[in-house]
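Note that these values count all heavy atoms, side chains included, but never hydrogens, waters or copies made by symmetry. Letters A, B, ... mirror the listed sequences (proteins, then strands); counts begin at 1.
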There are 2 protein chains.
Amino acid sequence: MTSMVQQRRRGRPPKSNDGYSLTRQRLIREGVAALTEKGFVASGLEELLTRAQVPKGSFYYYFSSKEAFGLVLIDAYAAYFNAKLDRWLKEEKTEPVERLQNFIGDACQGMERHGFRRGCLVGNLGQELVALPDEYRTALRDVMRGWEERLTACLLLVDPIRACDWARFFWTGWEGAVLRARLERSAAPLRDFEDGFIRLILAP
Amino acid sequence: MTSMVQQRRRGRPPKSNDGYSLTRQRLIREGVAALTEKGFVASGLEELLTRAQVPKGSFYYYFSSKEAFGLVLIDAYAAYFNAKLDRWLKEEKTEPVERLQNFIGDACQGMERHGFRRGCLVGNLGQELVALPDEYRTALRDVMRGWEERLTACLLLVDPIRACDWARFFWTGWEGAVLRARLERSAAPLRDFEDGFIRLILAP
DNA sequence: CATTTAAAAGACGATCGGTCTATAAAATGC
DNA sequence: GCATTTTATAGACCGATCGTCTTTTAAATG
């Protein structure tokens, strides 16, 4: 529980850096979870700070603003998601299409584990772009481009000519499927999308 | 401009009802626009009231809460969108697939007209469900079911067996395509999705 | 040991959402 | 004709939240 969290003492921290970046990491971890579940605007700072057990002064010590914080969270989420994609899409003992299906299976389980409350941080922020600085648009685009590249590399083994179009199509529709899965509280929309997509790329 | 708006006088309004539902309708119109652009939480009441030139007391006279207001907006949006779908998908002089393509073309123009700032009210609220009452989930599901039924009816003419699956697939992915179009500020994602979808349903 | 540095801490002021009372003018009924 | 009711406008008020900013604290440094 929260009583297990090692609370940071006031004053300058001792010289050892290793144990003392916990505050910032805790903020990032809680921030990613909040943005994945609620998006940016609905993620109030007070609640986040309470969850992370970090005083507001410390938050603003580490991040110049809530918006700057959000950009850091996008990077953190991208790193996490890219690692996940690499794990599944670069599995050389598996057929390319099956690699994608394994990723989808893992995604279904992940959403189910969180009661379909968590979606995709990128999708959430994408809906809120009007209220966010333009840097967010660039950051989110880059993340999705990275996803497309990874899937393209995987699907090149299926069809070198269409891989790129397929990858773009997949990630475009995938955001809709994640949104729908949260709405329905079911993995069925993800599976529906998978079925349709597989049928598309296996069509003559 | 705003100076053209007929401002409502204090006191009980005259008996003629026709000209005097303008306040409520104005709120609904501005509300739908705000939710389509920013979603629920980011649509502050103060800004909305300023835009509609309606005092806060009047807002709470017509709607018991911001959340009740949102439900009314969902209905209003559904009515508007269903009318649009009917216009395009029931056009009997046009081939079924072309009807869908005409709807997509219209949607592309609509988004472009608004500088890709407006997306889909249902998609926006779908991302915010965690922060909204459960009635919203039901309402949004019903709206999307209605869309699926309309497209199914249209695609029955193409393939009676798969029409329903296709319609579900389409609307699931469509939300992702709208989201991506806003992110990219371009109709290309909508077109990409259209291409893939048409290829899917025309495959043997 | 005085000063600097690094991080925690929380008070503060502005803004906003929701509540709620007052106001105003037409309708209604006696 | 007038008191009362009805209908909608109007905005003050309060509590919560966000971002700002100064103070506090403790270790490092010279």
Side-chain angles (χ1 to χ4, degrees), chain A residues 2 5-28 30-31 34-35 38-73 128 131-133, chain B residues 2 5-28 30-31 34-35 38-73 128 130-133 136:
Chain A
T2 55
V5 179
Q6 177 179 11
Q7 203 72 343
R8 191 70 173 274
R9 298 179 62 199
R10 294 188 77 165
R12 178 173 175 163
K15 197 160 186 186
S16 158
N17 286 326
D18 284 357
Y20 288 85
S21 58
L22 285 184
T23 302
R24 191 172 189 271
Q25 288 184 30
R26 208 153 69 216
L27 285 169
I28 291 176
E30 291 294 340
L35 263 57
K38 303 179 181 179
F40 190 87
V41 176
S43 298
L45 223 35
E46 295 288 344
E47 185 184 348
L48 177 78
L49 296 177
T50 301
R51 279 177 181 275
Q53 291 203 284
V54 174
K56 196 180 287 192
S58 293
F59 177 85
Y60 284 104
Y61 173 75
Y62 288 108
F63 308 102
S64 57
S65 65
K66 186 182 173 186
E67 288 169 351
F69 177 55
L71 285 171
V72 173
L73 299 184
E128 301 183 85
L132 299 171
Chain B
T2 55
V5 178
Q6 179 179 7
Q7 202 72 344
R8 191 68 175 273
R9 297 179 63 198
R10 292 187 80 165
R12 179 174 175 162
K15 198 163 188 185
S16 157
N17 285 326
D18 285 356
Y20 287 86
S21 56
L22 284 183
T23 302
R24 192 171 188 271
Q25 288 182 32
R26 206 152 69 215
L27 285 169
I28 291 175
E30 292 293 339
L35 262 57
K38 302 180 185 179
F40 190 86
V41 175
S43 298
L45 221 35
E46 294 286 347
E47 185 185 347
L48 177 78
L49 296 176
T50 300
R51 280 177 178 274
Q53 290 203 285
V54 174
K56 196 181 284 193
S58 293
F59 177 84
Y60 285 103
Y61 173 77
Y62 288 109
F63 308 102
S64 57
S65 64
K66 186 183 174 185
E67 287 169 351
F69 178 54
L71 284 171
V72 173
L73 298 184
E128 299 182 86
V130 176
L132 298 171
Y136 275 64

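- Applying the 4.0 Å criterion to OP1 and OP2 of D/dA8, one finds that B/Y61 has a side-chain N or O inside that range.
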Start with the C-alpha gap between B/R24 and B/V72, add the side-chain angles, then the distance that decides, and say whether side chain to side chain contact (heavy atoms under 4.5 Å, CB included) holds. CA-CA 11 Å; B/R24 192 171 188 271; B/V72 173; 4.2 Å; yes

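- For B/E47, the salt bridge (charged side-chain N to carboxylate O under 4.0 Å, His left out) partners are B/K38, B/R51, not counting sequence neighbours.
- What you find for B/L71 and B/Y136 is that their closest heavy atoms are N-OH, 3.4 Å.
- In this structure, CZ of B/R51 is placed 14 Å from P of C/dC16, rounded to the nearest angstrom.
- Taking 4.0 angstrom as the limit, B/S58 places none of its side-chain polar atoms (N or O) nearer than this to OP1 or OP2 of D/dA10.
- Ring planes of B/F63 and B/F69: tilted class, angle from 30 to 60°.
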Reading nucleotides 17-25 of chain C 5' to 3', which nucleotides get B (base under 4.0 Å from a protein heavy atom), which S (sugar-phosphate only), which -? BBB--BBBB

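- Between the CD atom of A/Q53 and the P atom of C/dG10 there is a distance of 12 Å, given to the nearest Å.
- For B/Y60, the side chain to side chain contact (heavy atoms under 4.5 Å, CB included) partners at least two apart in sequence or on another chain are B/L45, B/K56.
- A cation-pi arrangement is present between B/K66 and B/F40, with the terminal nitrogen or guanidinium carbon under 6.0 Å from the aromatic centre and inside a 45° cone about the axis.
- Within the structure, a side-chain polar atom (N or O) of A/T23 is placed less than 4.0 Å from OP1 or OP2 of C/dA8.
- Counting to the nearest Å, the P atom of C/dA9 and the OH atom of A/Y62 are 11 Å from each other.
- One interatomic measurement links the two molecules: CG of B/L49 to P of D/dA8, which rounds to 17 Å at whole-angstrom precision.
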